[in-house]
Amino acid sequence: MNAYYEKWLRNEIFVSRPEYADEICRVWEDDPTERQYIECVIEDYINGGSVYQAYKRLKTWVIDKQGRLHRKIDKKFGYLEDEFKGKLK
């Protein structure tokens with residue numbers, strides 16, 4: 001993530017939650033489609049949008065989306081991990 005967007009992200013949007021800013025930066029580096037969405041949300045905030053709206057959008061559609069994805073994978077394939085650990089014993 002470039003320093004300009006990261007400054008807005010850390011100093012304005014996620015002031016009280018630096019771990020959210022770290023997660024946004026990680027997703028920015030890993031996923032080009034999410035990068036475009038994050039850029040649009042930050043640009044909207046810079047051009048006069050509310051901090052609440054930017055916080056809510058990024059938390060709901062980027063951070064929570066990653067959590068939902070991992071929970072869905074664990075629900076669908078979690079038994080394989082337990083089975084694998086059982087065979088290792």
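Qualifying side chain to side chain contact (heavy atoms under 4.5 Å, CB included) partners for E29, counting only residues two or more places apart in sequence or in other chains: M1. The side chain to side chain donor-acceptor pair (under 3.5 Å) search around N47 returns none, not counting sequence neighbours. In terms of the side chain to side chain donor-acceptor pair (under 3.5 Å) criterion, residue partners of T33 (sequence neighbours excluded) are, by chain and number, D31. Among residues two or more places apart in sequence or in another chain, the side chain to side chain donor-acceptor pair (under 3.5 Å) test is passed with Y20 by none.
Considering all non-hydrogen atoms of both residues, R10 and A21 come closest at NH1-CB, 3.6 Å. Residues I13 and A54 share a closest heavy-atom pair of CD1-CB, 4.0 Å. Contact detail for L9 and C25: the closest heavy-atom pair is CD2-SG, 4.2 Å.
Side-chain contact between V62 and I38: present, with at least one pair of heavy atoms (C-beta onward) separated by less than 4.5 Å.
Listed by first and then second residue, the ring pair (Phe, Tyr, Trp, His ring centres under 6.0 Å) pairs involving residues 32-55 are W8-Y45, F14-Y55 (not counting sequence neighbours). Counting only residues at least two apart or on different chains, the salt bridge (charged side-chain N to carboxylate O under 4.0 Å, His left out) pairs with a member in residues 33-47 are E34-K65, D44-R57.
The CD1 atom of I24 sits 11.5 Å away from atom CD of E19, with the distance rounded to the nearest 0.5 Å. Between the NZ atom in K56 and the CG atom in D64 there is a gap of 8.0 Å [rounded to 0.5 Å].
Note on V15 and V41: separate hydrophobic clusters, where clusters join Ile, Leu, Val, Met, Phe, Trp and Tyr whose side-chain heavy atoms are under 4.5 Å apart, directly or indirectly.
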> Y4 and I46: side chain to side chain contact (heavy atoms under 4.5 Å, CB included), yes or no, with the steps?
Replying inline: CA-CA 11 Å; Y4 180 68; I46 292 170; 3.7 Å; yes
>> Set out, in order, the CA-CA distance, both residues' side-chain angles and the distance that settles salt bridge (Lys or Arg N to Asp or Glu O under 4.0 Å) for R26 and D30, then state yes or no.
In response: CA-CA 6 Å; R26 187 193 63 76; D30 293 345; 3.0 Å; yes
